[in-house]
Amino acid sequence: MATLPQPLLTRRADLIARLAEPRQYDIAIVGGGATGLGLALDAVARGFSVVLVESHDFAKGTSSRSTKLVHGGVRYLGQGNIGLVREALRERSTLLSNAPYLAQPLAFVLPSYKWWEKPFYGIGLTLYDALAGRAGLGKTEFLSRVETLALLPAAQPRGLKGGIKYWDGQFNDARLALALARTAALRGALLVNYCRAADLLYDSGKVAGLVCEDTLTGQRYRIQSRCVVNAAGVWVDELRQKDGAANGADGRRPTRPMVAPSQGVHIVVEREFLGGETALMVPKTADGRVLFAVPWLGKVILGTTDTPRHDLALEPLAFKEEIDFILTESARYLRRAPQRGDVKSIWVGLRPLVKPPDDEGDNTKGLSREHTVLVSRSGLVTVTGGKWTTYRAMAQDVLDVCAEKTLIEKRKGGVTEHLKLVGSDAADTAGHSICRPPGLHSYGSEQSLVLGLPGAQNMLCDGLSEAMVRFAARFEYAVTVEDVLARRSRLLFLDARLASTLAPTVGAILLQETGLDPQVSAFAALAQHYLCLPE
Ligand SMILES: Cc1cc2nc3c(=O)[nH]c(=O)nc-3n(C[C@H](O)[C@H](O)[C@H](O)COP(=O)(O)OP(=O)(O)OC[C@H]3O[C@@H](n4cnc5c(N)ncnc54)[C@H](O)[C@@H]3O)c2cc1C
């Protein structure tokens with residue numbers, strides 16, 4: 001293994017000291033999910049000075065709760081959204097090459113139980129291949145019944161006629177978010193988690209920065225910036241409404257919300273329910289939705305749902321009907337039907353779907369998956385919508401709009417197209433399958449750094465060592481037990497009960513490393529949440 005230089009330290013006291021320095025940034029970003037982090041990297045790679053504040057932890061919101069697919073979105077073909085699919089397919093291949101240990105090709109099989117399914121879906125998937133062109137990951141193939149069962153050994157054999165195999169990608173979403181943050185930091189951006197944008201600063205009616213609050217201490221800081229980008233996911237309307245109230249055209253009409261949140265639930269079961277390293281895709285469930293069974297980090301993810309939601313909880317709970325839907329539909333396609341008692345973890349994410357201005361309805365399935373960039377009268381830039389896969393395209397569009405509005409100058413784009421993310425040193429990343437149980441492979445070319453830390457041989461459970469917790473605290477911005485168990489390791493998402501038992505041990509190591517409260521009991525409550533099956 002090659003010897004690497006020490007990575008950048010992420011000591012909180014140093015980050016806060018930098019935040020307190022009086023200076024003017026080019027761009028201040030609110031929100032440390034896929035959108036904000038992707039923007040931070042693109043902007044700093046173009047030479048802009050960048051600060052990003054995240055009210056909780058990086059990827060605490062929707063960006064750690066995706067279906068883990070780096071995809072063009074086969075189902076958007078059905079909606080005729082060719083442009084969106086083509087763009088996402090291009091981005092899929094860029095991501096796979098820039099973070100090969102975190103994003104990889106994955107074969108999907110669509111099992112067919114009706115005679116017409118193979119030709120019907122085959123046409124769509126062949127078009128998908130054609131749209132990918134040179135960015136294709138493999139050709140769509142028609143499979144016999146025997147071939148289908150060889151790839152999906154646990155699929156329901158009764159009535160199975162055959163299948164179609166196609167290629168897309170999968171990834172480790174929260175670790176990719178951290179890789180984006182760390183790569184941006186290496187280039188000079190300042191990124192601070194547990195720091196909430198509380199208010200905006202104005203100069204002659206124009207946004208000139210923000211007031212943020214260290215949520216661990218309550219201390220407030222004023223950040224001057226030429227441009228402020230609101231990338232707060234489903235929570236963008238909060239800052240938009242503050243901006244509207246401070247600077248609205250007539251001050252009487254409240255700013256209309258632009259986000260219609262839609263909830264998506266996933267449940268996790270043991271890998272034996274699917275068998276093998278091929279994902280199963282059901283293009284049309286009994287009620288017309290798409291269902292995936294995806295092998296991921298040694299387990300299987302089943303999901304998802306699409307349920308309108310009117311509140312914006314940070315930890316939304318699944319509805320009983322959603323769990324019933326996933327279990328009932330899975331039972332139709334799997335030899336052994338997963339039961340409630342088999343569920344290892346349940347997690348729920350909120351899609352930031354962008355509302356058409358005149359839409360008051362509840363039909364989120366029909367809303368746009370494309371992103372929207374808005375600039376308010378006072379110059380607050382808001383970006384939301386889109387998909388994880390297209391974060392780079394979103395960053396590009398935001399910077400174009402900021403330049404058009406003369407908030408910053410126009411600088412050459414495309415700078416992140418070949419920019420390898422931290423941990424992506426080519427020599428060390430081959431053969432690290434994301435389907436495999438968690439372990440050192442999640443660190444790519446930084447494995448040797450982890451192995452060099454105290455406690456490298458002290459395994460807290462399979463795939464998580466004391467050294468990994470120390471690495472998270474020193475180099476990956478981790479403060480709390482949740483940061484480590486939910487997003488640096490993915491144990492909370494894979495096995496919430498096991499994660500809960502490890503909390504005190506992880507907390508003790510973190511306390512030693514950072515001297516900050518690792519919030520052990522808060523994690524115990526959260527883990528219960530991830531095990532809660534509504535009756
Ligand atoms: C169920 C589901 C499955 C999905 N599956 C896929 C998939 O397989 N592939 C794919 O490409 N896409 C997928 N998506 C879409 C993708 O996950 C989202 O588009 C993406 O994660 C949104 O990122 P974001 O940064 O805009 O939002 P978020 O990740 O929610 O980030 C916003 C951040 O802003 C922070 N914040 C809020 N208010 C403030 C404030 N005042 N100050 C500072 N910070 C603040 C929040 O804490 C949060 O971390 C899925 C989405 C869902 C819901």
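One-based numbering, in listed order, for ligands and for the atoms of each. Only this structure's heavy atoms are used, side chains among them; waters, hydrogens and symmetry mates stay out.
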(message) When you compare ligand 1 with Arg351, is there at least one nitrogen or oxygen pair between them that comes in under 3.5 angstrom?
(response) no

In ligand 1, the atoms that come under 4.0 Å of a heavy atom of Gly31 are 33 (C), 34 (O), 35 (C), 44 (N)

Logged contact type for Leu350 with ligand 1, heavy-atom cut-off 4.0 Å, is backbone

#### Entry: N-O pairing of Arg487 and Glu482 below 4.0 Å
yes

With heavy atoms and a 4.0 Å threshold, my read on which part of Trp388 contacts ligand 1 is both

Is Glu238 near ligand 1, meaning one of its heavy atoms is under 4.0 Å from it? no

**ligand 1 N/O within reach of Val265 N/O, cut-off under 3.5 Å** = no

So for Ser64 against ligand 1, with non-hydrogen atoms under 4.0 Å, the contacting part is neither

Taken in chain and number order and not counting sequence neighbours, the residues that satisfy ring-ring contact (aromatic ring centres under 6.0 Å, His included) with Trp296 are none

*asked:* For ligand 1 and Ala197, I'd like to know whether there is a polar contact (N/O to N/O, distance under 3.5 Å).
replied: yes

Subject >> Geometric N/O contact Thr384 with ligand 1, under 3.5 angstrom >> reply: no

### Message
For the 3.5 Å polar cut-off, considering only N or O atoms, please tell me whether Gly386 and ligand 1 meet it.
### Response
yes

Looking at ligand 1, does any of its N/O atoms fall within less than 3.5 Å of an N/O of Ser66?
-> no

Sorted by chain and residue number, the side-chain contact (heavy atoms from CB on, under 4.5 Å) partners of Thr305 (sequence neighbours excluded) come out as Val265, Arg289, Thr307, Glu322, Phe325, Ile326

**Message:** What I want to know is whether Ser55 and ligand 1 share at least one N or O pair that is separated by under 3.5 angstrom.
**Reply:** yes

Using the rule given for ring pair (Phe, Tyr, Trp, His ring centres under 6.0 Å), can you reason through Tyr121 versus Tyr166, listing the C-alpha separation, both sets of side-chain angles and the distance that settles it, and then say yes or no? CA-CA 11 Å; Tyr121 293 117; Tyr166 73 98; over 10 Å; no

Using a 3.5 Å cut-off on N or O atoms only, is Glu54 in polar contact with ligand 1? yes

Within the 4.0 Å heavy-atom cut-off, what Gln263 brings close to ligand 1 is neither

Considering both backbone and side-chain atoms of Thr67, is one of its nitrogen or oxygen atoms within less than 3.5 Å of a nitrogen or oxygen in ligand 1? yes

Among Ser63, Gly38, Ala59, closest by heavy atom to atom 22 (C) of ligand 1 is Ser63

